[in-house]
Amino acid sequence: MLTAVEVVEEIKRGNSSCEELIHRIFERIERSELNCYITLNKEAAIEDARDVDKRHEEEKYRQKKLLGVPIAIKDSISTRGIQTTCASKILMGYIPPYNATVIEALKNEGAIILGKTNMDEFCMGSSTETSYFGPTKNPHDLTRVPGGSSGGSAAAIAAGESVLALGSDTGGSIRCPASFCGITGLKPTYGFVSRYGLIAYANSLEQIGPMASTVMDTALLLEVLAAKDERDSTQIKLPNNAPTNYRCSWLDVPRTEPAAIKGMRIGVPREFIEGSSPEVERSVWDAIHTFEDFGATYTELRMRNLNYALAAYYLIAMSEASSNLARFDGLRYGLRTGKDEDWHTTFSRIRSEGFGEEVKRRIILGTYALSAGYYGKYYLKALKVRTLIKHEFEEALKSHDILAMPTMPFVAFKLGERIKDPLSLYLADVNTVSVNLAGVPSISLPCGSSHGLPIGLQLVATHFEEDALLRAAYWYEQNAH
Ligand code: GLN
């Protein structure tokens with residue numbers, strides 16, 4: 001499968017037909033056993049591809065950064081005219097009347113939307129097993145999970161069922177499936193990418209981000225996603241001198257040369273490594289030593305508040321979810337079943353039928369954590385821990401350019417292995433959630449494998465230093481192995 005950079009080049013040169021490429025990918029999707037997609041956008045995609053083939057020589061088209069590049073969209077992101085369900089029964093048949101800002105940006109740059117990908121219901125999970133539409137399978141081993149919640153997006157890239165994909169990451173949902181499927185995924189700094197049109201799970205934590213098979217493609221997609229948006233008041237207004245071209249700002253220097261990372265200071269927080277499986281630990285240390293061999297330095301450090309990250313994350317995420325999901329009541333949004341009775345009965349029936357187990361569990365726990373009498377003990381306390389964790393990251397990133405650690409403590413687990421025990425699933429997020437609490441950017445990229453199952457290296461930088469992440473990741477991708 002070509003990379004996005006190659007697709008754009010081939011199409012602009014007139015070497016490849018976009019329509020043929022789209023047909024090839026749909027053939028693969030239709031034969032696939034993986035269940036990557038909930039809804040396909042086949043006719044519109046073919047039409048868009050024909051348009052690209054006809055007009056690729058026009059000046060306006062030649063400037064498009066993603067001309068003719070097929071992309072899969074996580075089903076938590078609103079797409080005008082295309083069913084958007086968040087993998088929930090309650091949103092089945094919902095067709096948004098508007099596009100998320102990121103979708104507009106993709107279309108402006110010539111990308112071709114293949115369809116909407118499978119995910120954990122309302123982004124709640126780490127395995128894509130809580131989807132109403134059944135689990136997605138890991139392309140490296142069909143008996144295993146692809147990770148979650150953006151599992152459909154990651155599996156689609158790994159299996160050649162798309163070139164690029166969008167995911168959303170509240171506590172690891174881009175990086176976890178990237179790690180389990182052996183691809184690259186980046187969670188941007190909070191406030192970097194517009195959330196307008198993203199169906200909210202926990203809005204103080206989540207960001208839409210790029211997923212791709214190479215670091216270069218990840219950078220290219222990030223550059224498009226970072227479009228400014230007046231409709232998202234949480235999007236940061238970056239200063240004018242901020243880098244706007246993530247691909248080119250670091251491409252002009254030969255970044256594969258050791259000079260690209262010479263003197264780079266890497267921090268390795270012990271808390272992230274302890275508890276990982278031996279093969280994950282080994283691969284991550286090998287990666288750190290590769291950086292060291294070429295002139296980077298590393299130091300081990302302690303970030304003690306990280307021990308409370310999981311508890312704080314789940315309290316905050318569930319509290320926000322309990323409020324965000326109140327709108328799915330069958331009146332404003334969602335499924336309407338049976339005959340209308342009094343308000344309470346109708347509301348309860350619709351929500352009981354429409355939401356899955358995990359979503360209900362979180363609404364109940366979140367409502368509890370926010371209720372009078374418990375608010376101070378749980379929610380407020382979690383916010384205080386969040387502040388401590390944010391400070392700890394800021395402190396660590398003053399004396400280090402990046403932090404390095406495993407994305408996931410283990411490789412992809414078996415389908416059905418953890419889903420019966422929610423706590424064991426929550427524990428899988430131990431290395432990813434603190435990054436969302438702190439709001440810093442982070443990338444996951446492949447750094448080895450164990451018995452054919454990919455292992456992910458997670459790199460973290462300080463706020464708005466996506467450039468540093470991409471540079472380190474690109475260098476590693478080009479030099480490792
Ligand atoms: N697994 C985490 C959760 O269930 C993170 C999910 C996400 O990032 N959307 O909340």
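Just so you know, ligand 1 is whichever comes first in the structure, and atom 1 is the first atom listed for that ligand.
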_Check the orientation of Tyr314 and Tyr426. Use parallel for under 30°, tilted for 30 to 60°, and perpendicular for over 60°._
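The arrangement is parallel - the two ring planes meet at less than 30°.
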_Angle between ring planes, Phe122 versus Phe355, binned at 30° and 60°: parallel, tilted or perpendicular?_
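Judged by the thresholds at 30° and 60°, the geometry between Phe122 and Phe355 is perpendicular.
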*Please name all residues satisfying salt bridge (Lys or Arg N to Asp or Glu O under 4.0 Å) with Arg270, sequence neighbours left out, ordered by chain then number.*
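Arg270 satisfies salt bridge (Lys or Arg N to Asp or Glu O under 4.0 Å) with Glu274, Glu300 only.
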*asked:* Using a 4.0 Å cut-off on heavy atoms, what residues surround ligand 1? Order them by chain and number.
replied: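 Under the 4.0 Å cut-off, ligand 1 touches Cys123, Met124, Gly125, Ser126, Ser149, Asp169, Thr170, Gly171, Gly172, Ser173, Tyr201, Tyr313, Tyr314, Arg362, Asp429.
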*Close side-chain approach of Thr117 and Asp75, heavy atoms under 4.5 Å*: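 A side-chain contact is absent here, since even the closest heavy-atom pair is not under 4.5 Å.
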For residues 141-149, dump all side-chain donor-acceptor pairs below 3.5 Å to protein atoms at least two apart in sequence or in another chain.
residue: Asp141; atom: OD1; partner: Thr143; partner atom: N; Å: 2.9
residue: Asp141; atom: OD1; partner: Thr143; partner atom: OG1; Å: 2.7
residue: Asp141; atom: OD2; partner: Thr143; partner atom: OG1; Å: 3.4
residue: Asp141; atom: OD2; partner: Arg144; partner atom: NE; Å: 2.9
residue: Thr143; atom: OG1; partner: Lys414; partner atom: NZ; Å: 3.2
residue: Arg144; atom: NH1; partner: Ala412; partner atom: O; Å: 2.8
residue: Ser149; atom: OG; partner: Lys74; partner atom: NZ; Å: 2.8
residue: Ser149; atom: OG; partner: Ser173; partner atom: OG; Å: 2.6

*Scan for ring pair (Phe, Tyr, Trp, His ring centres under 6.0 Å) pairs involving residues 147-171, sequence neighbours excluded, and state none if there are none.*
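Matches after skipping sequence neighbours: none remain.
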